[in-house]
Amino acid sequence: QVRLAESGGGSVQAGGSLRLSCSASLDTDTTYCLAWFRQAPGKRREGIVRIYTDSGDTRYADSVKGRFTASQDSANNSLYLWMNSLKPEDTAMYYCAARRRWGNEDCYLQEFQYSRWGQGTQVTVSS
């Protein structure tokens, strides 16, 4: 069974950086779409980046493009999110999510497409 666990959240001042980690217990010989989402209080959950476990291909939301970088460490079954130039509007609970990828299908940053979620880690950016 796929299990995900995020860590690395915290409080930082605007302009600072954080690295989030997601420990992913994934089935071997299966290709997944992994993604980072975030949800600010009173707002809908927003997909910010997805990555394919077979190719490492990534796609970012415009809101984080150029500031955030996702990477994976397949040997350690980990997914990372490097967040730079943080802004107060980046304050949110951050979640990693996973779904099986079938063949060459595209995976999008839509919450309903992902069936496995971590418990989240809080990121707070102060001005």
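Numbers here simply count residues along the sequence, with the first being 1.
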Is it possible for you to check whether Arg45 lies under 6.0 Å from the centre of the six-membered ring of Trp117, through NZ or CZ, and within 45° of that ring's axis? yes

So which heavy atom on Val49 is nearest to which on Ala70, and how close? CG2-CB, 3.7 Å

Minimum-distance pair of heavy atoms, taken over all atoms of Gly8 and Thr121: N-OG1, 4.1 Å

What's the shortest heavy-atom distance between Cys107 and Arg101, and which atoms? SG-CG, 4.2 Å

Test of understanding: clusters of I, L, V, M, F, W, Y form through side-chain heavy atoms closer than 4.5 Å, transitively. Do Phe37 and Val123 belong to the same one? no

Do Tyr32 and Asp54 meet the criterion of a side-chain donor-acceptor pair at a distance under 3.5 Å? no

Closest non-hydrogen atom pair between Met93 and Gln122, with its separation: SD-N, 3.5 Å

So, Arg100 and Glu105, do they make that salt bridge, N to O below 4.0 Å? no

When hydrophobic residues are tied together by side-chain contacts of less than 4.5 Å, even through go-betweens, does Tyr80 share a cluster with Met83? no

Check whether NZ of the Lys or CZ of the Arg Arg50 lies under 6.0 Å from the centre of the six-membered ring of Tyr108 and within 45 degrees of that ring's axis. no

Closest heavy-atom pair and its distance - Leu18, Leu86: N-CD1, 3.9 Å

Tell me whether the guanidinium CZ or amine NZ of Arg38 lies under 6.0 angstrom from the six-membered ring centre of Trp36 and within 45° of its axis. no

So do the side chains of Leu20 and Trp82 get within less than 4.5 Å of each other, counting heavy atoms only? no

Any donor-acceptor pair under 3.5 Å linking the side-chain atoms of Asn84 with those of Ser17? yes

For the student: nearest non-hydrogen atoms of Thr69 and Tyr60, plus distance: CA-OH, 3.3 Å

Spell out, yes or no, whether Leu26 and Leu81 are grouped together once hydrophobic residues are joined by side-chain heavy atoms under 4.5 Å, including indirect joins. yes

Should Glu46 and Ser63 be marked as a side chain to side chain donor-acceptor pair (under 3.5 Å) after you check the CA-CA gap, both sets of side-chain angles, and the distance that decides it? CA-CA 10 Å; Glu46 173 194 19; Ser63 58; 2.8 Å; yes

Tell me whether the guanidinium CZ or amine NZ of Arg116 lies under 6.0 angstrom from the six-membered ring centre of Tyr114 and within 45° of its axis. no

So Leu79 and Ile51, do their side chains get closer than 4.5 Å, heavy atoms only? yes

Got Ser21 and Ser78 here, is their nearest side-chain heavy-atom distance under 4.5 Å? no

